[in-house]
Amino acid sequence: MERERYRLQKHILILTVCMLAAFALLVVRYGYIQLVDGQEMTARLAAQVDRNYQLETPRGAILDRNGRELAVSTKMQSLYVDPNHVDDPAQLAADLAPLIGLNEDEILGDIAQGGGFVWVKRRLPQEEYESVRQMMREREYTGCLGFKTEAKRSYPNDSLAANVLGFVGVDDKGLDGIEQSLDPLLKGEVQARTVKTDQQNRPIMESLFSPLQYTGSSCKNVQLTIDAGIQFIVEQELDKAMAANNPQAITCVVMDPKTGDVLAMASRPTYNPNRFWDYDAKVWKNRAVSFIYEPGSTFKSVVAGAALQEKVVSPNQVFVDPGYVMVSGRRIQNWNGESFGTVTFTDVVKNSLNTGFAQVGLRLGAEKLTQYAKLFGFGELTHIDLPGEEQGILFEPEDMRDSDIATMSIGQSIAVTPLQLVTAMSAIANDGILLRPHIVKTIYNPDGTIYEERGRSEVRRTIESATDKTLVGLLEQVVATGGGKKAAVKGYRIAGKTGTAQKIREDGAGYLEGHYIASFCGFAPVEDPQLVVLVMIDDPGAGNFYGGQIAAPVAGSIFSQLFRYMHIAPSSDPFAGMEKVQEDTPKRKAGYEGVVPSGKVVVPDFAGLSLREAAQKAASAGLTFASRGSGVAGSQSIPANTLVDKDTEITVFFQP
């Protein structure tokens, strides 16, 4: 037993020594691997289990105010070649060329560049991608050809709002319009991610708890104030106007006067941003913000507001129109070259008389005229989110001569953008309060949360509320019975102003003979303005160039369609019941039947006459004329056919 015990202890001792030796050897080996071969082993492990991915997020979408897509990005496959692994360039070019629409020489040129990566064709159509992929499998080209996923920008409505949206270049860089101005927010990103996987490329360890999803701050979606339906209506009408008038260009802006939202902004000619490279770069320009021109008579609405506010004129004040006036040696005449005789300021506005506005401008003076132009936003940027905006041109008051004051009063010798003009008219429609125009409504984060929301932004008050109401009444007369009546829509009250201006030479040295800009800018309905529409026709070629003749009808057609689209109810009829009242009114005598003594005159009947007609009739009869109200004559202070002294003052009361 002693010998057996000794033998067992000996074996245990030997086993223990062997185990200790093995453990020591294992420790040494482990230390060697960690300290000497550690970096190499780590690299081998990473090569076996790490998989590198590029997480590409497409460019953010651009939407209209109702969520309709105006610009979107889709993922497409781009084809590249690895010249270092091409065994037979000629055969590869011959097999590939007919599938992707390139010639063999182009593909051979790509291969000849050498290196490990050369683009062959980017953003393949789906059918081309499928064809190339099938060919790669059949002919075993997988070692030298490959695909990379890239985002392609698409505009599903083609040319709709093209000058607003702009376009994107090959490398996802915005090159015009909203795409350019908001490029840092819209631009997509490519993030490199490493994931540990098993032999079946399944995520393991911590990769299970960090799924592949975008976590950046770019790729935001932008919602515009543009309404795609309104935009379509406007562009359809501009196409008709282009065909009818054959102009060089047309621009239209539709704005909500209560918020400053731009509901539509369009230019003709235009382009398709899906193929922007097929068009002349001139048509990419957004003329609503980057084209400056003399506004002509549309600017008179601002001058009239300034004159009423400064109380240098009243609606019923009488002017004598000789047909032209001479100011600092410069002849300023009416649009038709004729005299309108004795008129009121209402008639001056309604018939857009240059002689009357020149007199009003001189009464205001250079300082006040320029001050109100700036109050209404002229001569400064609106800072709308569109590239290339111009600020226009205004005089410095100290540099103005009387002739400059007179010409500025009729909308000449200054330069504005269409956006500035429609913004100023919106201020008149908005009780005299100027708002900052904006075209971006909301910007959303990639996860759908709101990044930034932009709304109504008040700039300043331009004229007092009471003055503004008077001005609105004058502008309504322009459309109801004046030069803008072709913009009228039956059943609706519309206010506005027409304009016709001679084009300035590109070098600024005078005007182009026979070249004009016709325009109309107005708002509706007068009792609750919801729309402001500007139509500007550049150099019409159809022979007729007056704003009231060619721009006003386009605006009227746009108003008519938008009233239906926006479900705007007709205005109340201010003339309802007038026929019955006139029928019930007793007929007056035809005239005084006796002999008129010397120094006496017979009071005429003013019923139904306009202000201008009544003023002329009173002057012809030898009476001093005064008026109250506006519209048509309804009653008078001295009954018709009454015998009175010459120069007796008679007051005529007018009603709508």
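Numbers here are sequence positions counted from 1.
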- Message: Under the rule for salt bridge (charged side-chain N to carboxylate O under 4.0 Å, His left out), what residues qualify as partners of Lys485, not counting sequence neighbours?
- Response: none
- Item | Nearest heavy-atom neighbours spanning Leu165 and Leu70 | CD1-O, 3.6 Å
- Does CD in Glu452 sit with more than 12 non-hydrogen atoms of other residues, nucleotides or ligands closer than 6.0 Å? yes
- Message: Tyr293: which residues meet the ring pair (Phe, Tyr, Trp, His ring centres under 6.0 Å) condition with it, sequence neighbours left out?
- Response: Phe291
- Task: Heavy atoms only: give me the nearest Thr423-Leu435 pair and the separation to one decimal.
- Result: CG2-O, 3.6 Å
- Query: Taking atom OH of Tyr279 as the centre, does the number of heavy atoms from other residues, nucleotides or ligands within less than 6.0 Å exceed 12?
  - Reply: yes
- Message: Using a 6.0 Å cut-off, check whether atom OH of Tyr565 has over 12 heavy atoms from anything other than its own residue.
- Response: yes
- Item | Contacts of Glu179 that satisfy side chain to side chain donor-acceptor pair (under 3.5 Å) - sequence neighbours left out | Arg59, Arg153, Tyr155
- In this structure, are over 12 heavy atoms from other groups packed under 6.0 Å from Lys173 atom NZ? no
- Is the closest basic N to carboxylate O distance between Lys469 and Asp431 below 4.0 Å? yes
- Asp261 versus Arg65: any side-chain heavy-atom pair under 4.5 Å? yes
- How close do Ser409 and Lys300 get, heavy atom to heavy atom, and via which atoms? O-CG, 3.7 Å
- Ion pair check, Lys285 and Asp280, cut-off under 4.0 Å: no
